[in-house]
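Accompanying notes for the structure given below.
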Amino acid sequence: MMGDDDFQHQREQLIRDELPQLGIRDEAVLQAMMSVRREDFVDDKNREFAYRNAPLPIGFGQTISQPLIVAYMIEALQLAPHERVLEIGTGSGYAAAVLSRIANEVLTVERHPKLADSARKRLKQLGYDNIRVFQSDGTLGLPEHAPFAAIIVAACGPCVPPPLLQQLDLGGRLVIPVGEKQGSQKLIRVIRRDENEFKHEELGFVHFVPLVGEAGW
Ligand code: SAH
């Protein structure tokens, strides 16, 4: 059995040693990740692997993302403490929990009803009270709550869903993997410079589960 102290030690090792060595330098991101217990977001049988820098299964063919990728994507969002974030692909709720320690409020959308329910319960039970979980097709965003200062998508679509671009605030940032279903995928950052001006940047190669929906697969 692994005790809390062991987890604390492993968490420090992953987040204070490994992630900075792999290029994560944003102190706000590292601090937020230090404050979220990843072991609380995985099944009992995977608890002992919670601090491996690897994705882990969460059921229904989905995964909790690799810690390095969570850190890298959140760093790329350049969040300010007063901002509101939209996340597409709640999964376990882990990335939403990390986001909620940096931003003012997190709205997160999961298409799978059972995953949405369990993430909502888990986040409530753990006391994350600035996160709202929605069950719907995240490729459509949440138009009734737009605009958002930042949008993060945890699943890979064939293109950037147009509704998400429209729901970005001016100056807003969108980070999303785009590419093939089971092949080459690139992480993209889009910054909305103006009403009709979007700057696209490529941040590197990644591997994500498919984004399934109207503006996805
Ligand atoms: N951020 C998650 C990782 C989730 S994996 C975590 O920290 O655990 C990607 C998730 O995106 C899966 O749960 C999948 O069901 C969900 N997903 C796929 N397509 C979606 C869509 N169109 N809208 C919302 N969620 C979607």
Side-chain angles (χ1 to χ4, degrees), residues 14-15 29 32-33 35-43 46-47 49-77 79 85-103 106-123 126 128 131-143 145 148 150-165 167 174-182 185 187 206-217:
L14 173 66
I15 291 158
V29 174
M33 288 183 77
S35 77
V36 177
R37 294 159 46 100
R38 194 168 185 256
E39 67 271 29
D40 291 342
F41 293 82
V42 300
D43 301 339
N46 283 313
R47 261 175 93 82
F49 309 122
Y51 292 100
R52 287 199 182 163
N53 186 19
L56 293 168
I58 56 170
F60 311 101
Q62 306 303 325
T63 55
I64 177 173
S65 306
Q66 182 190 10
L68 174 64
I69 287 295
V70 173
Y72 188 59
M73 290 178 82
I74 296 179
E75 189 173 70
L77 286 179
L79 291 171
V85 188
L86 172 65
E87 180 196 32
I88 308 304
T90 315
S92 67
Y94 175 74
V98 175
L99 288 164
S100 80
R101 303 299 87 186
I102 305 174
V106 181
L107 280 64
T108 179
V109 183
E110 171 57 53
R111 72 182 275 276
H112 202 295
K114 289 200 172 126
L115 285 174
D117 277 351
S118 64
R120 189 182 295 115
K121 280 197 197 110
R122 171 182 290 133
L123 290 165
L126 294 172
Y128 291 95
I131 303 176
R132 281 190 276 169
V133 179
F134 297 78
Q135 193 272 309
S136 59
D137 175 4
T139 64
L140 304 177
L142 288 177
H145 296 282
F148 300 96
I151 303 180
I152 177 170
V153 185
C156 182
C159 63
V160 182
L164 298 184
L165 291 175
Q167 291 171 36
L174 164 65
V175 174
I176 180 174
V178 171
E180 297 162 30
K181 226 187 250 183
Q182 304 284 354
Q185 304 179 351
L187 196 63
V206 286
H207 186 74
F208 278 86
V209 297
L211 179 69
V212 179
E214 206 164 298
W217 295 107

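First listed ligand is number 1; within each ligand, the first listed atom is number 1.
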Which heavy atom of V212 sits nearest to which heavy atom of R111, and what is that distance? O-CD, 3.3 Å
At their closest point, which heavy atom of S136 faces which heavy atom of L142, and how far apart are they? OG-CD2, 4.3 Å
Any non-hydrogen atom of S136 lying under 4.0 Å from ligand 1? yes
Is G157 close enough to touch ligand 1? Criterion: a residue heavy atom under 4.0 Å from a ligand atom. no
Ligand-side contact atoms (ligand 1) for residue partner [X], heavy atom cut-off under 4.0 Å:
{"X": "T139", "value": "22 (N)"}
{"X": "A154", "value": "1 (N), 5 (S), 9 (C)"}
{"X": "S65", "value": "3 (C)"}
{"X": "A95", "value": "1 (N), 7 (O)"}
{"X": "T90", "value": "1 (N), 2 (C), 6 (C), 8 (O)"}
{"X": "S92", "value": "6 (C), 7 (O), 8 (O)"}
{"X": "L211", "value": "19 (N), 20 (C), 21 (C), 22 (N)"}

Specify whether Y94 and F41 have parallel, tilted or perpendicular ring planes, treating 30° as the upper limit for parallel and 60° as the lower limit for perpendicular. perpendicular
Can you check whether H112 has an N/O within less than 3.5 Å of an N/O in ligand 1? no
Under 3.5 Å: N/O of G138 near N/O of ligand 1: yes
Donor-acceptor pair, [X] side chain versus [Y] backbone, under 3.5 Å?
{"X": "Q185", "Y": "E180", "result": "yes"}
{"X": "E87", "Y": "I152", "result": "no"}
{"X": "Q167", "Y": "L140", "result": "yes"}
{"X": "Y51", "Y": "R38", "result": "yes"}
{"X": "D40", "Y": "L126", "result": "no"}

Hey, looking at [atom], which of [options] has the closest heavy atom?
{"atom": "atom 10 (C) of ligand 1", "options": "G61, P67, G89", "answer": "G89"}
{"atom": "atom 4 (C) of ligand 1", "options": "T63, I64, V42, L115", "answer": "T63"}
{"atom": "atom 20 (C) of ligand 1", "options": "E87, R111, E214", "answer": "R111"}
{"atom": "atom 13 (O) of ligand 1", "options": "Q66, K114, E110", "answer": "E110"}

At what distance is the nearest protein heavy atom to [atom], and which residue and atom is it?
{"atom": "atom 22 (N) of ligand 1", "result": "V212 O, 2.7 Å"}
{"atom": "atom 18 (C) of ligand 1", "result": "P210 O, 3.6 Å"}
{"atom": "atom 12 (C) of ligand 1", "result": "Q62 OE1, 3.2 Å"}

Select one of side chain, backbone, both or neither to describe which atoms of A96 lie under 4.0 Å from any atom of ligand 1, heavy atoms only. neither
Only one of V178, V153, I176 clears side chain to side chain contact (heavy atoms under 4.5 Å, CB included) with P161; which? I176
Answer yes or no: is there a side-chain heavy-atom contact under 4.5 Å between C156 and L211? no
Are more than 12 heavy atoms from other residues, nucleotides or ligands located less than 6.0 Å from atom CZ of R52? no
Taking NZ, NE, NH1 and NH2 as the nitrogens, is one of them in R120 or D117 under 4.0 Å from a carboxylate oxygen of the other? yes
